[in-house]
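Here the structure is a predicted model, which is why all the values come from computation and not from measurement. To find a chain, count down the sequence lines: A is the first, B the second, and so on, and within it residues start at 1.
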Protein chains: 2
Amino acid sequence: MPPTTESSPHSRRRAFRDILVYGIAGGLLILILKLTEYRFLVIEHSFEIYGGLIAALFSALGIWLGLTLTRKKPSVIIKEIPASPSEPFVPDEARLAQLAITPRELEILGLIAAGLSNREIAAHLFVSENTVKTHSSRLFDKLGARRRTQAVQLAKTSRLIP
Amino acid sequence: MPPTTESSPHSRRRAFRDILVYGIAGGLLILILKLTEYRFLVIEHSFEIYGGLIAALFSALGIWLGLTLTRKKPSVIIKEIPASPSEPFVPDEARLAQLAITPRELEILGLIAAGLSNREIAAHLFVSENTVKTHSSRLFDKLGARRRTQAVQLAKTSRLIP
DNA sequence: CGCAAAATCATCCAAAAGAATGACGACAAC
DNA sequence: GTTGTCGTCATTCTTTTGGATGATTTTGCG
């Protein structure tokens, strides 16, 4: 079964299940209320209706309150980020040639460092995932890395990528 | 399904679960009120009391919901300021607190960025691999990352790690 | 042209990583 | 003394990654 979509299907399944459970629970709850209502021959409906109304209203009020009360402070935090202004960055050609890393491999290395998955890289470069895997395999081989995180680390210290 | 979305699945799941708990709790509350009403035969003049009770309870619930649901929404204005090129590096405490990243999680983040596998990290910290996985899962959740490479990338741009 | 390097894709398999969930003890805060 | 956070660990499952290997197509170059 080929996993086609990128966003986790597992999570979506869980979300759907949660909604389902929620709905069923709600239905059962209503049913129970109904039955007890009949059992005790209570006709008066105003309590549920007004209770629910009050609940909903004050829930909304509470949510609104919570939101407005707390969203005051974290608005503007100015960070001082040492932005290096004088670095267009060029990969170390010597080291590149030394490791016999091809342009395509370097390109993929960059995308790996950007945090993309093989599938995302494949989509980005319009090639198959298998191709990306062979490229990255050879890349790891040349870099002496066993994991992509290690490859990124090594490449950074070798000034192959920013 | 376009493979474009990158929003955290964790948060969505939490939101669903919160809503679920919330709904069930509300229903149970009504049920309990109903039952007690029958048991003690308190019929008259109870509407104001229970209405107030429901209002107060649901207000509190709503506030809590609003707070937990909107817990971490950064919205930071980033201002780039050229800084000294040779700094000993200190992690951005503000950002760290903002994302609610614990010291242990930061430690593991650093080891991930160093290219270590979960097993190696576990051996390095004398904990089980499962613990490392738990930490990194929560870390990814807080960082909004789905892969460790992405976590590293995000952490670097947020100045959490060198 | 013909060759070699680079790029492409596949398949099978193993290992690592990640997701979801539940649990427990320590410890600080209220 | 309850509450909340943190750190710890486990289990089950799915997904991703990596290894090994072979094959086909481009492409640049002498």
*Looking only at atom types and distance, does a side-chain atom of A:Glu105 sit under 3.5 Å from a main-chain N or O of A:Ile101, one as donor and one as acceptor?*
no
*Looking at residues 144-153 of chain A, who's got a heavy atom less than 4.0 Å off DNA chain D?*
A:Arg146, A:Arg147, A:Arg148
_How many whole angstroms separate atom CZ of A:Arg119 from atom P of D:dT17?_
8 Å
*In whole angstroms, how far is the C1' atom of C:dA17 from the CG atom of B:Leu139?*
14 Å
*Respond yes when some side-chain nitrogen or oxygen of A:Asn118 is under 4.0 Å from OP1 or OP2 of D:dT16, and no when none is.*
no
*Single-linkage hydrophobic cluster B:Ile121~B:Leu143, side-chain heavy atoms < 4.5 angstrom*: yes
_Measure CG/A:Leu99 against P/C:dA6 and give the value in whole Å, please._
13 Å
*Within this structure, what is the CG-to-P distance between B:Leu96 and D:dT5, rounded to whole angstrom?*
17 Å
*Would you say the side chain of B:Leu99 lies within less than 4.5 Å of the side chain of B:Leu160, judging by non-hydrogen atoms?*
yes
*Measure across B:Leu96 and B:Pro91 and return the closest heavy-atom pair with its distance rounded to 0.1 Å.*
CD2-CB, 4.2 Å
Can you name the atoms? Protein N/O to nucleotides 7-12 of chain D N/O, anything below 3.5 Å, with the distance.
| from | atom 1 | to | atom 2 | distance (Å) |
| --- | --- | --- | --- | --- |
| D:dG7 | OP1 | B:Arg104 | N | 3.4 |
| D:dG7 | OP2 | B:Thr102 | OG1 | 2.5 |
| D:dT8 | OP1 | B:Arg104 | NE | 3.3 |
| D:dT8 | OP1 | B:Arg104 | NH2 | 2.8 |
| D:dT8 | OP2 | B:Arg104 | NE | 2.8 |
| D:dT8 | OP2 | B:His135 | NE2 | 3.0 |
| D:dT8 | O4 | B:Arg138 | NH2 | 3.3 |
| D:dC9 | OP2 | B:Ser128 | N | 2.8 |
| D:dC9 | OP2 | B:Thr131 | OG1 | 2.9 |
| D:dC9 | O5' | B:Thr131 | OG1 | 3.3 |
| D:dC9 | N4 | B:Thr134 | OG1 | 3.1 |
| D:dA10 | OP2 | B:Asn130 | ND2 | 3.4 |

_Distance check needed: C:dA7 P versus A:Ile101 CD1, whole Å only._
12 Å
_B:Arg148 and B:Asn118, any side-chain heavy atoms less than 4.5 Å apart_ = yes
*Is it true that a side-chain atom of A:Ser128 and a backbone atom of A:Asn130 form a donor plus acceptor pair closer than 3.5 Å?*
yes
*For the pair made of CG in A:Leu143 and P in D:dG18, what is the distance, rounded to whole Å?*
12 Å
_Closest heavy-atom pair and its distance - A:Ala145, A:Leu154_ = CB-CD1, 4.0 Å
*Rounded off to whole Å, could you give me the CD1-to-C1' distance for the B:Ile112 and C:dG18 pair?*
11 Å
_Atom-pair distance (CG on B:Leu111; P on C:dA17), nearest Å_ = 13 Å
*Is any side-chain N of the basic residue among A:Glu120 and B:Arg147 closer than 4.0 Å to the acidic one's carboxylate O?*
yes
*Mark yes or no for whether B:Ser158, through its side chain, and B:Ala155, through its backbone, hold a donor-acceptor pair below 3.5 Å.*
no
